[in-house]
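All heavy atoms count here, side chains included; hydrogens, waters and symmetry mates do not.
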Number of protein chains: 2
Amino acid sequence: MSIPELGPFPDLDRVIHEPGRLMILAILNSVGEADFLFLIRQTGLSRGNLSSHTTKLADAGYIEIEKSFNERTPRTVYRLTASGRAALQKYRDQMGDVLAAMG
Amino acid sequence: MSIPELGPFPDLDRVIHEPGRLMILAILNSVGEADFLFLIRQTGLSRGNLSSHTTKLADAGYIEIEKSFNERTPRTVYRLTASGRAALQKYRDQMGDVLAAMG
DNA sequence: CCAACCGGTTTGCAGCGCAAACCAAGTTTA
DNA sequence: TAAACTTGGTTTGCGCTGCAAACCGGTTGG
């Protein structure tokens, strides 16, 4: 539970901790919103993989998924929610403490 | 594979990324060496859990396990290897970059 | 002796990430 | 107009993993 003289080890959010999802969240955090194809290209994830990660993030309430049509072709846009932004910030702080403890 | 304007997303070492093992490594990194009971108390992990994590870390070559006897009772000491220390440092740098990209 | 404890390891199972298969709808080829 | 291909995803299946519980060989206490 703790690293000697460095306080307790934080209970990291596993939904965020997973690298694929951390990547998605980091991107959404920096660009505001993104569509499926953009995320595919930036992350290098497979479509199936991206789909399941975004579903899980949406289930956790960390992102919102908006489906629409551009002309006749479907378009899905992903965006961080307030709670997602907060959770990400918390994760960042916790992980920052852990790393600092490893100087 | 990349966060816009922030370079590629690093391929994080999953052996280290797992919180339980990260905790073990962080402790060994800060105290030099530790025995089984000390790690139990510091990490809060169950014995079985600690045993399997240390086995996995040893399989990866990141720690060494030294079994001996203190009087008649067994004693197992865990210690970071050079390669473990290097891998941990690399993980720290990579994760630091990711966090920095999330400012 | 026999029970309880110490110091671990092995086992079993549930959950997860990943890739591949699938699907629906539109577009191109012929 | 029908076959083949692309786009934009979702679902399925499997192998691995983390976790808790069961186990096990000593050792100490009554």
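If you check every strand for non-hydrogen atoms under 4.0 Å, Leu37(A) touches sugar and phosphate atoms only.
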B/S/- along nucleotides 14-20 of chain C (protein heavy atoms under 4.0 Å) is --SSB-B
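Atom pair Glu66(B):CD and dG8(C):P shows a separation of 12 Å (rounding to whole Å applied). Whole-Å rounding puts the Leu22(B) CG to dG18(D) C1' distance at 15 Å. Counting to the nearest Å, the C1' atom of dC6(C) and the CG atom of Leu39(B) are 16 Å from each other. Distance Asp11(A) CG to dG18(D) P: 16 Å, rounded to the nearest Å.
Residues passing the side chain to side chain donor-acceptor pair (under 3.5 Å) test with Arg79(B), sequence neighbours excluded: Glu33(B), Glu64(B), Glu66(B).
Using modelled atom types, no side-chain atom of Arg21(B) and backbone atom of His53(B) make a donor-acceptor pair closer than 3.5 Å. Panel note: side chain Ser51(A), backbone Arg47(A); no donor-acceptor pair is recorded below 3.5 Å. In this structure, the side chain of His17(A) does not engage the main chain of Glu18(B) through any donor-acceptor pair within 3.5 Å. Not a single donor-acceptor pair under 3.5 Å links the side chain of Thr76(B) to the backbone N or O of Lys67(B).
Within 6.0 Å of the CG atom in Asp59(B), the count of heavy atoms belonging to other residues, nucleotides or ligands exceeds 12.
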